[in-house]
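Read the structure below first, then the notes.
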Amino acid sequence: MAPVPISSIKVGKIDDVQELRKAKSKIPERFVRDKTERPTLATSSISSTHIPIIDLHKLSNGSKDEILSELLQLSTACDEWGFFQVINHGIDQNLVEQIEKVSKGFFMLPLAEKQKYAMAPGTVQGYGQAFVFSEDQKLDWCNMFALGVEPNFIRSPKLWPKNPVNFSETVDLYSKEVRKLCQKLLKYIAMTLGLKEDVFNEMFGVAVQAIRMNYYPPCSRPDLVLGLSPHSDGSALTVLQESKGSSVGLQILKDDKWVSVQPIPNALVINIGDTIEVLTNGRYKSVEHRAVTHKQKDRLSIVTFYAPTYELEIGPLAELVEENKPCNYRRYNHGEYSKHYVTNKLQGKRTLDFAKIQTKPNPC
């Protein structure tokens, strides 16, 4: 989460997109995407009505038939989509609203105040744009504010703002609840694979958790820019909360088409990360996704990344490797992969090449 800043890196001028919006400036060339990357009506208007919905209350407290039904739905979600929305997730609605309030409050601060918490080149904590490594790299129409949460050693206290009031307290309370949710989801995901229900939670140790708030102001030319470049997540699970009233911005790549995800009120969007793809030997795959912008409406998302301890050696679980399903990924240290992930620009699923066996699959 917090590699040493790469001092030799030159990222050039990175305009703050909120300030560009206020000034009604022409969109700088660094934000204008190549024609092949631009969102079009054809790719952004596909329905998302079939994205699975998982009822966590039924999984936890339902009848035997309800539990089996939800497990089957969860298995389908992980196997065919890599994304799902979870309802009745157990996080208090007041806390959900409070995290939105303090997140939006931070982004509405004067630029000079936000820049006190600036993201240093080569790192992913603080305010600014992450994953920028050159002066000519295309930029996203997004302001980010990211923080390491757990374990304590990944925190950077100087980056935790005192304004808005209660920001740090709210982030901590919210993160504890999301942590519980991730642990529950991992238990049920293990069950869908026929594994011992605590296999992931026990393996992960003191799991690494980070939070990132993304603010996408309206853009005069949403057809030219991307809010966030296409990528998969290096985490095990990612939990996304869309602020109430936000524009629809998340898109996932499904059958080579970009599908817009319409959030359900009071639901959280969950996606499978690269780590689960490796552990399941590709049974449950991480999915490429991106964010698009809107001409009139802004968008705020609050994203939690949940992953194993950096010390863990990761590779496909023995139970999921068979003669006709040989090992597709090598074993590696998760901390090494995390460093690899955050020191490369977002570029589809290319960072996962780090883990893939490029020659003929072996039996692990």
Side-chain angles (χ1 to χ4, degrees), residues 1-19 95 98-133 139-140 142-179 182 206-217 227-228 231 233-235 238-241 243 300-307 309-310 335 338-346:
M1 180 66 197
V4 175
I6 304 171
S7 58
S8 61
I9 206 167
K10 294 182 179 180
V11 299
K13 183 184 180 184
I14 300 180
D15 290 296
D16 186 284
V17 291
Q18 287 174 259
E19 298 303 307
L95 184 55
Q98 187 63 22
I99 193 70
E100 289 181 10
K101 181 180 178 181
V102 297
S103 299
K104 186 70 171 283
F106 177 82
F107 284 113
M108 294 302 109
L109 292 172
L111 179 60
E113 180 68 18
K114 291 183 286 189
Q115 287 181 331
K116 292 178 181 178
Y117 312 100
M119 187 182 295
T123 71
V124 290
Q125 290 200 53
Y127 176 75
Q129 283 214 23
F131 307 105
V132 181
F133 298 98
L139 300 175
D140 294 327
C142 175
N143 286 334
M144 301 176 177
F145 186 50
L147 297 167
V149 178
E150 294 286 349
N152 193 62
F153 73 83
I154 72 166
R155 289 187 176 227
S156 184
K158 66 181 181 181
L159 295 177
W160 287 65
K162 295 180 173 58
N163 190 17
V165 177
N166 297 330
F167 180 94
S168 296
E169 178 187 351
T170 303
V171 168
D172 274 332
L173 287 172
Y174 177 79
S175 296
K176 286 177 182 176
E177 293 303 308
V178 174
R179 195 173 185 86
C182 289
V206 181
V208 174
Q209 185 174 346
I211 189 169
R212 191 178 75 216
M213 298 88 166
N214 303 314
Y215 183 70
Y216 308 88
L228 193 58
H231 64 287
D233 294 334
S235 57
T238 300
V239 179
L240 179 141
Q241 177 181 325
S243 178
L300 171 68
S301 65
I302 300 151
V303 188
T304 297
F305 303 98
Y306 188 84
T309 174
Y310 290 142
S338 296
K339 184 176 181 180
H340 170 76
Y341 186 93
V342 301
T343 53
N344 283 275
K345 70 178 183 178
L346 299 179

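Since we're looking at a predicted model, the values are computed, not measured. Only heavy atoms go into these numbers, but all of them, side chains included; no hydrogens, no water, no symmetry mates.
Tyr341 and Asp233 make their closest contact through OH-CA, 3.6 Å (heavy atoms, listed as atom of the first residue, atom of the second, distance). Nearest heavy atoms, Gln129 versus Asp140: NE2-O, 2.5 Å. Nearest heavy-atom pair across Asn163 and Leu109 is ND2-CD2, 3.4 Å. Considering all non-hydrogen atoms of both residues, Arg179 and Val206 come closest at NH2-C, 3.9 Å. The nearest pair of heavy atoms linking Ser175 to Ile211 is OG-CD1, 4.4 Å. In terms of heavy-atom proximity, Pro164 sits nearest to Gly105 at CG-C, 3.7 Å.
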TODO: Could you go through the side chain to side chain contact (heavy atoms under 4.5 Å, CB included) check for Met213 and Val171 one step at a time?
DONE: CA-CA 11 Å; Met213 298 88 166; Val171 168; 3.9 Å; yes
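The distance from atom CD1 of Ile154 to atom CD of Gln209, rounded to the nearest 0.5 Å, is 8.5 Å. Note: Gln241 CD to Ser243 OG = 7.5 Å, rounded to the nearest 0.5 Å. Note: Asp172 CG to Asn166 CG = 11.5 Å, rounded to the nearest 0.5 Å. The line from CD of Gln125 to CG of Leu159 is 6.0 Å long, rounded to the nearest 0.5 Å. Residue Thr309 holds its OG1 atom at 12.0 Å from CD of Glu150, rounded to the nearest 0.5 Å. In this structure, the separation between CG on Asn143 and CD on Glu19 is 8.5 Å, given to the nearest 0.5 Å.
You'll find the side chain of Val208 reaches within 4.5 Å of the side chain of Tyr310, heavy atoms only. Taking the side chain as every heavy atom from C-beta outward, Arg212 and Val124 never approach each other to under 4.5 Å. Taking the side chain as every heavy atom from C-beta outward, Tyr216 and Cys142 approach each other to under 4.5 Å. At least one side-chain heavy atom of Gln18 sits less than 4.5 Å from a side-chain heavy atom of Met108. Put simply, the side chain of Tyr215 does not reach to within 4.5 Å of the side chain of Val17, judged on heavy atoms. Counting heavy atoms from C-beta outward, Asp16 and Tyr127 have side chains that approach closer than 4.5 Å. Counting heavy atoms from C-beta outward, Arg155 and Trp160 have side chains that approach closer than 4.5 Å. No side-chain heavy atom of Leu95 sits less than 4.5 Å from a side-chain heavy atom of Lys176.
Using cut-offs of 30° and 60° for the angle between ring planes, the Phe145 and Phe106 rings count as parallel.
No donor-acceptor pair closer than 3.5 Å links the side chain of Glu100 to the backbone N or O of Leu300. Looking only at distances, a side-chain donor or acceptor of Ser103 sits under 3.5 Å from a matching main-chain atom of Ile99.
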